[in-house]
Amino acid sequence: MAYKYCVAENWGKGFITHDDSSKFQISGFPGNLWQIPANNQDANLWVYKVAGVWKTKEEAQAIVDAIIAQAQAEWDALPDAQKQDPIIGRQRPTAIVLE
Amino acid sequence: MTTYKGINGFAVQSVASDPSPLDEGQVWYNNTTYAFKLAALGSASWATAANLPSGIGSGAASGTSTAAVSFGGNATVPATGSVATNSFNGTAWTANSNMTRSPSYYGFAVKGAGSQTATLGMGGDGISTNLNLTEEFTGSSWTSKTAMPVGVRAGGAAGTSSSAAIKFGGLNDSGITAATVAFNGTTWTSGGSMSQGPYFYSGTGPSTAALASGGGSPGTFVEAYNGSTWTTKSNLPSSRGSNPGMSGNSSAALAFGGGQAQNSIWNGTSWSADTASLANNRTDSQMNATNNPSTSGIYIGGFYPAGSGYINVETYTGAAVTTKTITTS
């Protein structure tokens with residue numbers, strides 16, 4: 001399936017309604033980035049409704065990459081003892097590749 | 001000409017108002033609105049709800065999607081713990097008194113069970129040790145209760161009130177534990193042992209019909225508890241390693257998040273894929289409410305990616321039979 005991307009701040013109630021998510025799949029990514037199906041009127045209307053700013057796939061990937069890199073840097077800076085703690089350290093954030 | 005009566009052996013009823021309750025597949029003619037109608041199964045879905053006052057992950061929650069309480073957790077990983085408590089009425093969040101534990105870091109990896117007005121907060125991460133702290137929330141404030149026999153962080157919890165709750169699995173000072181302890185409002189007693197005790201289990205249901213799932217690697221393990229014994233059940237279809245959200249009980253439940261956007265539905269015997277998916281799949285720990293029916297759910301905060309807690313909240317509505325108007329063209 002082909003996708004399109006936009007950036008929009010999730011303000012909470014009403015940002016995505018049950019009606020929206022019943023009509024099409026909305027997938028969120030770090031950086032207030034949202035992935036929606038391409039060539040879908042309902043999805044396009046939703047982007048308009050939430051005042052989303054369209055991003056190309058390359059721009060969207062750059063947004064995600066920057067946030068993951070920041071999270072990885074924060075994790076790398078943790079003391080070794082905390083990295084090894086199964087709860088505190090969690091796992092080092094991994095890259096996200098957009099479809 | 002083929003007729004409805006010819007196929008089904010009876011005619012479509014003509015009624016002045018839509019019937020209630022609806023039976024899936026039911027067809028009727030509404031002679032007030034001049035429309036043929038059908039009772040059809042709708043689709044399950046998630047929707048965004050009011051954001052938390054501040055981002056949180058790896059905390060606890062109890063109640064239902066319209067009467068929940070969220071507490072503990074971490075604002076950021078690893079060291080900024082929180083003892084903040086917020087109540088949700090289905091529309092908005094209200095700040096309540098902080099948990100009694102101090103320092104605030106002790107709110108990390110706490111587990112909760114019960115209702116919005118009778119919740120138990122249990123255990124937690126004490127930095128160099130594991131906490132046995134037990135606290136009760138009655139709707140506005142917290143009071144200390146009898147401490148757990150052994151300090152435990154993470155693991156799972158279930159129960160419908162602060163006087164009928166269980167805590168299971170997790171990490172104590174000796175390592176991974178499979179033990180279960182039950183609280184009756186006054187004292188703790190030992191319960192059955194799980195066959196495994198991963199760190200990041202989640203639980204749902206009453207203490208006598210609880211379901212636990214997810215946890216660590218591979219994150220597919222499922223067990224049911226009848227009040228005294230754990231029984232291994234069919235695995236989750238895919239890994240939900242880090243504190244998945246759960247609702248329901250051992251015979252009908254929903255599992256969501258924990259590294260998977262798509263929900264899984266439990267019918268007491270096996271899992272199936274739900275049509276609904278979370279919009280924002282927090283891939284690290286998130287909170288879950290333990291007292292929901294399986295047709296609803298709430299997903300509060302979480303980490304995605306690891307580092308900072310989310311403020312976002314989503315609520316789930318399961319598939320229900322609704323009225324559809326039949327049109328011809």
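Below, chain A is the first sequence line, B the second, and so on; all start at residue 1.
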Fill in the blank from the handout: The interface call for A/Ser22 against chain B, heavy-atom contacts under 4.5 Å, is both
Handout entry: Residue part contacting chain B, namely of A/Asn10, when any heavy atom lies under 4.5 Å
Key =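 Contact with chain B: backbone and side chain both.
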Exercise for the section: Please examine the side chains of B/Ser296 and B/Ser247, heavy atoms only from C-beta on, and report whether any two atoms are closer than 4.5 Å. Expected result: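 A side-chain contact under 4.5 Å is absent here.
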Handout entry: Closest non-hydrogen atom pair, B/Lys167 against B/Gly169
Key = NZ-O, 3.9 Å
Practice task
Just give me the residue among B/Gly42, B/Ala50, B/Ala276 that pairs up with chain A most often, heavy atom to heavy atom, under 4.5 Å.
Solution key: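 Ranked by heavy-atom pairs under 4.5 Å with chain A, first place is B/Ala50.
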Handout entry: Donor-acceptor contact present, side-chain A/Gln61 to main-chain A/Ile96, <3.5 Å
Key =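 The answer is yes, because a donor-acceptor pair under 3.5 Å joins these two groups.
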Practice task
Please answer whether the main-chain N or O of B/Ala47 pairs with a side-chain N or O of B/Glu314 as donor and acceptor at a distance below 3.5 Å.
Solution key: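 No, B/Glu314 side chain to B/Ala47 backbone: no donor-acceptor pair under 3.5 Å.
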Exercise for the section: Tell me, out of A/Ser21, A/Ser27, A/Gly14, who's got the most heavy-atom pairs with chain B below 4.5 Å. Expected result: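 If we count pairs closer than 4.5 Å to chain B, A/Ser21 comes out on top.
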Practice task
Can you tell which part of B/Thr315 gets under 4.5 Å to a heavy atom of chain A, answering side chain, backbone, both or neither?
Solution key: both
Handout entry: chain A contact via B/Ala49 - which portion, at a heavy-atom distance below 4.5 Å
Key =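 For B/Ala49, the contact with chain A is made by the backbone alone.
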Exercise for the section: Could you please spell out the steps behind the ring pair (Phe, Tyr, Trp, His ring centres under 6.0 Å) verdict for A/Tyr3 and A/Trp34? Expected result: CA-CA 10 Å; A/Tyr3 295 104; A/Trp34 303 94; over 10 Å; no
